[in-house]
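Working notes, beginning with the structure itself.
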Amino acid sequence: GSEMCIRDRVYSLSTCMLILVILGYLTNVGAISDLFDAEVYQNVSVNRGTDMVRFYIEHIGFIGEHPTYLGLLSLFSFLVSIYQYRFGKKVWMVILMLISTIGVLVSGSKMAIVTYVLIGILIGFLLVKSRRKRVWITLSIVGSFILMFILNPMIRLRYEQLLTTKFTPPTGLRYNSTNVRVGIFQCTKKVFQDAPIIGYGTGGYKDEMKECYLTYDTDAYTKAGGYFNTHNQYLSYALSNGIYGLVLFIGWILFLYGIAIRSKESLFIIAVFVFSIMFITENILERQTGVVLFSFVLPLLYIKSQKSHG
């Protein structure tokens, strides 16, 4: 209804205002130019510099969150703007879509950018009936993705890092976000094997992960207080609640997919898809921003689907 449309627009508008404020702040501190400086990100990829854009986003007082959450907020703003495009004021919705896209890119979150591309393709298949238009939409999105690689060194180098880094835990000062995660996943596997059935309880695996990180000959983990979470929501549930907790969590996600598909609400389907994909690389439900967004978006879409279908 109109009330739901207003809520959607308020969310999208407020998120875009946040993105613009962050861009203004990054410009003010002189960090915005780093986005287009290949040398800066080349140094960051080999631990010889700091990604100042991500640093400032994480330390801005009014957001103070990992940049991935800026990417997640921007994804939903982009998604809502696309759907609101159908209800008039198309120029404004296009502007909000562009600002949301900038938010995804500035976040530098690899999974958020991949999810952004997948959202575009999924929307094309769910909303567009013409096969030719679907092909054009897919090609346009993939083409835009390739163009981002060519024009933006920050995005290009973050993905190149995945190809050039050996998938082994970090040693000494030779570390980056890729091999640090390799160490995290190896520790997650080791800790899980010690309590695979019932787990360690909610958040109870923290000490075991810290002990595992100490076995690596590097300061990559001690610099962050000696602890990194699993960087995977599914694995976090596996450690906290064992294999049974993991199965229940996956079952819950599938249950949400079932409700969304039965409701035939494409926005609901894509929202569940976004969370289930982002869960692969982040513990979304262990940060306040993630919990609030999850508990706001899905119930809202569920209510919308129930009103639409009876």
Side-chain angles (χ1 to χ4, degrees), residues 8-82 84 89 91-117 144-145 147-161 175-177 180 223-225 278 281-282 284 287-293 296:
D8 291 348
R9 290 174 184 174
V10 168
Y11 169 78
S12 189
L13 181 60
S14 59
T15 300
C16 287
M17 289 175 65
L18 174 63
I19 294 168
L20 291 175
V21 170
I22 290 173
L23 289 175
Y25 181 80
L26 293 175
T27 302
N28 184 58
V29 297
I32 199 73
S33 60
D34 286 0
L35 291 171
F36 307 96
D37 192 328
E39 184 178 353
V40 168
Y41 284 95
Q42 187 65 53
N43 290 334
V44 168
S45 68
V46 292
N47 192 35
R48 292 179 181 170
T50 300
D51 186 338
M52 296 308 297
V53 172
R54 292 169 68 82
F55 173 83
Y56 281 119
I57 291 173
E58 191 163 0
H59 291 85
I60 294 174
F62 51 81
I63 181 168
E65 277 284 18
H66 192 280
T68 295
Y69 293 86
L70 172 62
L72 184 61
L73 289 167
S74 301
L75 281 173
F76 278 103
S77 175
F78 173 74
L79 184 58
V80 167
S81 297
I82 286 179
Q84 288 299 313
K89 297 186 177 180
V91 174
W92 278 107
M93 291 304 109
V94 169
I95 292 173
L96 294 181
M97 278 187 263
L98 290 174
I99 295 173
S100 301
T101 298
I102 293 171
V104 173
L105 298 180
V106 170
S107 76
S109 169
K110 293 187 285 290
M111 186 56 82
I113 294 171
V114 169
T115 305
Y116 173 87
V117 174
S144 299
F145 192 54
L147 190 62
M148 285 190 293
F149 268 72
I150 296 172
L151 298 179
N152 192 295
M154 182 268 284
I155 296 173
R156 183 177 69 252
L157 289 169
R158 285 186 62 79
Y159 283 98
E160 283 182 358
Q161 185 186 102
Y175 55 82
N176 53 38
S177 63
V180 165
K223 283 175 65 176
M278 293 295 290
T281 57
E282 291 295 334
I284 300 294
R287 289 215 186 199
Q288 183 176 359
T289 302
V291 172
V292 170
L293 189 60
F296 168 75

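In what follows, every heavy atom counts, from backbone to side chain, and hydrogens, waters and symmetry copies are set aside.
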If you round to the nearest 0.5 Å, how far is CG of L157 from CD of E39? 11.5 Å
Measure the OG-CH2 distance between S12 and W92 for me, rounded to the nearest 0.5 Å. 12.0 Å
Gap between atom OH of Y56 and atom CG of D34 - 0.5 Å precision: 9.0 Å
When rounded to the nearest 0.5 Å, the distance separating CG of L72 from OG1 of T289 is 9.0 Å
Are any side-chain N or O atoms of Y159 and backbone N or O atoms of K110, one a donor and one an acceptor, separated by less than 3.5 Å? yes
Please report the shortest heavy-atom distance between E58 and P67, naming the atom on each side. OE1-CD, 4.1 Å
Can you find a heavy atom in the side chain of F76 that is under 4.5 Å from one in the side chain of T15? no
How close do H66 and R287 get, counting heavy atoms only, and between which atoms? N-NH1, 3.5 Å
Does the side chain of L75 reach to within under 4.5 Å of the side chain of M278, using non-hydrogen atoms? yes
Roughly how far, to the nearest 0.5 Å, is CG of N28 from CG of L23? 12.5 Å
Per-pair distances, 0.1 Å, donor-acceptor, side chain in residues 94-107, under 3.5 Å, sequence neighbours excluded:
{"unit_1": "S100", "atom_1": "OG", "unit_2": "S77", "atom_2": "OG", "d": "2.7"}
{"unit_1": "S100", "atom_1": "OG", "unit_2": "F78", "atom_2": "N", "d": "3.4"}
{"unit_1": "S100", "atom_1": "OG", "unit_2": "L96", "atom_2": "O", "d": "2.7"}
{"unit_1": "T101", "atom_1": "OG1", "unit_2": "M97", "atom_2": "O", "d": "2.8"}
{"unit_1": "T101", "atom_1": "OG1", "unit_2": "Y116", "atom_2": "OH", "d": "2.8"}
{"unit_1": "S107", "atom_1": "OG", "unit_2": "V104", "atom_2": "O", "d": "2.6"}
{"unit_1": "S107", "atom_1": "OG", "unit_2": "S109", "atom_2": "N", "d": "3.3"}

Interatomic distance, CD1@I155 vs CD1@I113, rounded to 0.5 Å, equals 4.5 Å
Considering non-hydrogen atoms only, spot the tightest contact between Q161 and S177 and give its length. OE1-OG, 2.7 Å
Of the non-hydrogen atoms in L70 and I22, which two are nearest, and what is the gap between them? CD1-CD1, 3.9 Å
Using side-chain heavy atoms (C-beta onward) and a distance below 4.5 Å, is T68 in contact with M111? no
